[in-house]
Each structure stands twice: as C-alpha cells, then as structure tokens.
Undergrad: 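Have a look at this one before I ask anything.
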Amino acid sequence: MRKVAMCFSLFQFPRCRIQTLANSWQEAFPKLRGRGIYTSTFQVLGSNNHGLEGGHYRRSCKKTITTKTEGNNKSSQSNKTSIKSQISAKSTGANLNIYNNRIIEAERTQVLDLRQKISENKELAKLVTFIVFDIETTGVRRKIDRIIEIAFQDLAGGRNSTFQALVNPECNIGNSEIHGISTAMVNRADVPRMEDLIPLLLQYIKSRQKPDGFVVLIAHNARTFDVPFLCEEFSRYSYKIPQDWLFLDTLPMAREMMKSQGLKEQKVNLQALRSYFEIPVLGSAHRALADVQTLALVLQKMTFNLKLPLPDLIEKYSFSDLDLVKTKKERNSR
DNA sequence: GGCCCTCTTTAGGGCCTT
C-alpha cells in the first residue's frame, strides 16, 4: 500500500464529517485514486461547511472572459456587471484588454477597500486569520521552476494548525543541495502534483478562516518570491487567488526594524533573523515547515520590536496578488 | 526579479527567495 507523502489536517469539526470529507477527496481526485494516492496515512481529521471546492475557484477567463466573485460582495459583482454591460458583444482584442484591465482594477479596488476598512475599523482585524507559509522550489525562476514543497501554519495555533506537503514537479530537481529534497523523493506517482494539491490547500485555508473573515498569508520575501511563485502555479492550472486573501512580506519589516535600531548593515535573511532573535534551530533549514515555524517566531519578535498592532501591520505591509500585476504593468509602461 | 541604498535618479551593486 502506497503512502501519500503529505500531511493534511483540519480541525474543529465534528467527527461525523470526517468520512464525508475523505470520501469527497477521493471523488474529487479520480486520477489520484487510480494511482493509489488517497490511501493510508492521508490524515483528515475533519471538515467544514465548504466542502472540497477547488473547482469553485477556477477562473474561466481564457474561454469566457468572465471572472467569479468570491464571498457575498454584491458591490463587486455589480461593478463587474456594469463593466460587462459596457463591452460590446462584438469585442475586439483591444476592448477585451480594456475589459480585463477594468476587471482587475475593480477587484483591486475591492482589496484596497478591505485594507482601508481595517484601518478605519480596528475591530475588523479580529476577523483576520494569519497564516505563515513557505515554499521550496526547483530554482528561483518562477516561469520555469516549480514548487516541490509547501507548508502553512495558522498563527492562531491549536490542533492541526499546520499544512505541509511535498509536491511532484514532474521534472528533475537540480538544487537538492539547497533543501535536501531529491528528484527521487518527489518525482513519483504517490506524491501529489500542484494541480492535485491546490484544492486541498484552498480547503485547508478555508477551514482556518473565520466566518466573513479574510486571510493574510505571510512569507519572507513574499512580494518577489513566494507569492509570484504561488500565483504562477495557480495560473498554470487556471485557479484564481481568492479575493479574501491578502499577503504580507516580512522582508521589508525586517529591514525597517534593523534600520530603526541602527543596524542597517545587519543581514535580514531568515537564518540571520533567527540568530538575531536567538531562536533555536527548528528542523532542517530550507525545509518548508521548519522555515515556517522559524518565521512565525521571527514575526512575533518583529511586531513586538516595531510596536505594530495588527491593523497597522496589515495597512503598512499587506498587498494583494493584483497589486503585483499592477506594479508590473506600471513598470513595463515606463 | 524586485527592492533598497548610495558613490543616485541619465545607475549600479547587493540582498533576498530556491
């Protein structure tokens, strides 16, 4: 019997739903079932009310130039409907671009509104789920290289607050010396591919989310590495980053903290920060879950040093995937 | 690749992620 090289766990759900989710997972991934991947140590401790809905997030822009609104934001939906009505059915390539740009702008405005609302109403920060994450990859070129390991940790803690999985990149790994993950470890039928994993990842994050709340995903160098990599993988398999996700980069936080303490020359990579805060080594460096656990502790120290309450943290350092798109466009137009 | 800093902005080097 093959074992899935993945640990996926959810919590806070009645045991009666356990079997339901396990069954749904098997139904959702017939390819995996055919390859014997769903069996054995795959650990599902519960479910929630959302079910396995990876397909719910699939973006169909390529075929229908429409996007799906997440949650119950009626204003965003009406914005898009309004925009849609302005576009002729005889759309040319040019106005298709205009349409897509307007969709992106409408979604981006919604994200800005979200951050502004939190800034104005500090109580909304209570609805945030903070999740630290990290990826290991076959290299640093997001268009070419692939994710081979991913880990998440909900900072609220509690039972089963982590998600960790190896990913089958379906290619050879040339940088095993960095993270210790070899081709033989992941390039095998019983390790899920990113395409298989995204629905589980979405389900895990949804399970940690508060009702009507949103998520802030935190990583070190998130803006230029982890988030673009994640977005690239989502896009590769026609998935959309949910609109109730924000991202937070701890790298500029670390630079600002060091600067404020007169240590401008101090290195701010994760291992240097671990040493600076005298955090003990947690597992193997450059393995996703170990780095996540380290960053969680570093973040705690940094927010204390910077005297940053959560709403200010979000307002100052968070961004959305759409911000990255706009930044790139602005840069290209210069 | 993007951000930050400086010997700067008409640029270049170093850092950060794997």
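Because only heavy atoms are used, hydrogens play no part in the values below, and waters and symmetry mates are left out as well, while side chains stay in. Keep in mind that this is a model prediction, so the values were computed, not measured. A note on names: the letters A, B, ... follow the listed sequences, proteins ahead of strands, and every chain is numbered from 1.
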Undergrad: May I ask you to check whether over 12 heavy atoms, not counting those of A:Glu177, lie within 6.0 Å of atom CD?
TA: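 Counting other residues, nucleotides and ligands, CD of A:Glu177 exceeds 12 neighbours.
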Undergrad: Using a cut-off of 4.0 Å on non-hydrogen atoms, how would the nucleic acid contact of A:Asp134 be classed: base, sugar-phosphate, or nothing?
TA: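 Sugar-phosphate contact only - A:Asp134 comes under 4.0 Å of backbone atoms but never of a base.
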Undergrad: Return the nearest nucleotide to the side chain of A:Phe225; candidates are B:dT18, B:dG1, B:dC3.
TA: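 Closest of the options to the side chain of A:Phe225: B:dT18.
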Undergrad: Determine: side-chain N/O of A:His220 to OP1/OP2 of B:dT17, distance under 4.0 Å, yes or no.
TA: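 Indeed, a polar side-chain atom of A:His220 lies that close.
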Undergrad: Which part of the nucleic acid, if any, lies within contact of A:Ile148, taking any heavy atom under 4.0 Å across all strands shown: a base, the sugar-phosphate backbone alone, or nothing?
TA: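 Touches nothing.
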Undergrad: Mind checking the C1' distance from B:dC4 to B:dT9? Whole angstroms is fine.
TA: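 Their C1' atoms lie roughly 13 Å apart.
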Undergrad: Using the C1' atom as the reference point in each nucleotide, state the distance between B:dT10 and B:dC16 in Å, no decimals.
TA: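 Comparing C1' positions in B:dT10 and B:dC16 gives a spacing of 28 Å.
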Undergrad: State whether A:Asn175 places a side-chain N or O below 4.0 Å from either non-bridging phosphate oxygen (OP1 or OP2) of B:dT18.
TA: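 For B:dT18, OP1/OP2 do not have a side-chain N/O of A:Asn175 under 4.0 Å.
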Undergrad: Which nucleotide in the set B:dT18, B:dC16, B:dG2 lies at the smallest distance from any side-chain heavy atom of A:Leu251?
TA: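 Of all the options, the side chain of A:Leu251 is nearest to B:dC16.
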Undergrad: Counting heavy atoms not belonging to A:Lys259, are there more than 12 under 6.0 Å from its NZ?
TA: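 Open: at most 12 neighbouring heavy atoms sit under 6.0 Å from NZ of A:Lys259.
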Undergrad: On DNA chain B, does the nearest nucleotide to A:Gln271 precede the nearest nucleotide to A:Pro252 from the 5' side, or the other way round? Give the residue.
TA: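 Upstream on the strand: A:Pro252.
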Undergrad: Return the value, rounded to whole Å, for the distance between atom CZ of A:Phe319 and atom C1' of B:dG1.
TA: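 Roughly 14 Å, once rounded to whole Å.
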Undergrad: Regarding A:Asp291, tell me which of base, sugar-phosphate or nothing describes its non-hydrogen contacts under 4.0 Å with the strands shown.
TA: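 Since only primed, P, OP1 and OP2 atoms lie under 4.0 Å of A:Asp291, the category is sugar-phosphate.
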Undergrad: Could you state the CD1-C1' distance from A:Ile147 to B:dT17, rounded to the nearest angstrom?
TA: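 In whole Å, B:dT17 C1' lies 12 Å from A:Ile147 CD1.
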Undergrad: May I ask you to decide whether A:Lys316 forms a salt bridge with A:Glu256, counting only side-chain N to carboxylate O separations under 4.0 Å?
TA: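 Yes, charged N to carboxylate O under 4.0 Å.
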Undergrad: Taking the P atom in each of B:dT18 and B:dG12, what is the distance between them to the nearest angstrom?
TA: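 After rounding to an integer number of Å, I get 29 Å for this pair.
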Undergrad: What heavy-atom pair brings A:Thr303 and A:Met253 nearest, and what distance separates the two atoms?
TA: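 A:Thr303 and A:Met253 have their closest heavy atoms at CG2-CE, 4.0 Å.
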Undergrad: Mapping A:Glu265 and A:Thr138 onto DNA chain B by nearest heavy atom, which one lands closer to the 5' end?
TA: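 Result: A:Glu265.
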Undergrad: Categorize A:Arg141 for me: base, sugar-phosphate, or nothing, with a 4.0 angstrom heavy-atom threshold over every strand shown.
TA: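 The answer is nothing, as A:Arg141 stays clear of every strand by at least 4.0 Å.
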Undergrad: Whole angstrom is fine here: how far is it from NZ in A:Lys143 over to P in B:dG2?
TA: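 Atom NZ in A:Lys143 sits about 11 Å away from atom P in B:dG2.
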Undergrad: Looking across every strand, which nucleic acid part, if any, lies under 4.0 Å from A:Thr224 by heavy atom: base, sugar-phosphate, or nothing?
TA: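 It contacts base atoms.
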Undergrad: Measure from the side-chain heavy atoms of A:Val268 and tell me the nearest of B:dC16, B:dT18, B:dG1.
TA: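 So the side chain of A:Val268 is nearest to B:dC16.
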Undergrad: If we take the P atom in both B:dC7 and B:dG1, what is their distance in whole Å?
TA: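 Result for the P pair: 27 Å, nearest Å.
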Undergrad: Rounded to the nearest angstrom, tell me the gap between atom CD1 in A:Ile173 and atom C1' in B:dT18.
TA: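 Taking atom C1' of B:dT18 as the reference, CD1 of A:Ile173 is at 11 Å.
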Undergrad: Output yes when A:Arg146 and A:Glu233 qualify as a salt bridge under the 4.0 Å nitrogen-oxygen rule, no when they do not.
TA: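 The answer is yes: the pair qualifies as a salt bridge.
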Undergrad: Regarding A:Asp244 and A:Gln209, is there a side-chain donor-to-acceptor distance under 3.5 Å anywhere?
TA: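 There is such a pair (donor and acceptor under 3.5 Å, judged by atom type) between the side chains of A:Asp244 and A:Gln209.
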Undergrad: A:Asn269 CG to B:dG2 P: how many Å, rounded?
TA: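 Between P of B:dG2 and CG of A:Asn269: 21 Å.
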Undergrad: Between A:Met258 (CE) and B:dC15 (C1'), how many Å, whole number?
TA: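 So the two atoms are 14 Å apart, to the nearest Å.
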Undergrad: Output the rounded distance in Å from CG (A:Leu270) to C1' (B:dT17).
TA: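 So the CG-C1' distance, A:Leu270 to B:dT17, works out to 10 Å.
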Undergrad: With C1' as the reference atom in both, quote the distance from B:dC3 to B:dT17 in angstrom, rounded to an integer.
TA: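 So the two C1' atoms sit 12 Å from each other.
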Undergrad: Measure the distance from CG on A:Asn221 to P on B:dG14 and round it to the nearest whole Å.
TA: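 Rounding to the nearest Å, CG of A:Asn221 and P of B:dG14 are 18 Å apart.
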Undergrad: Select one nucleotide: of B:dT17, B:dT18, B:dC16, the one nearest the side-chain heavy atoms of A:Glu136.
TA: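 For the A:Glu136 side chain, the nearest candidate turns out to be B:dT18.
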Undergrad: Under 6.0 Å from the CD atom of A:Gln261, do we count more than 12 heavy atoms belonging to anything else shown?
TA: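 Atom CD in A:Gln261 is crowded, with more than 12 foreign heavy atoms closer than 6.0 Å.
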Undergrad: Indicate whether OP1 or OP2 belonging to B:dC5 is found under 4.0 Å from a side-chain N or O atom of A:Lys259.
TA: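 Affirmative; the distance criterion is met.
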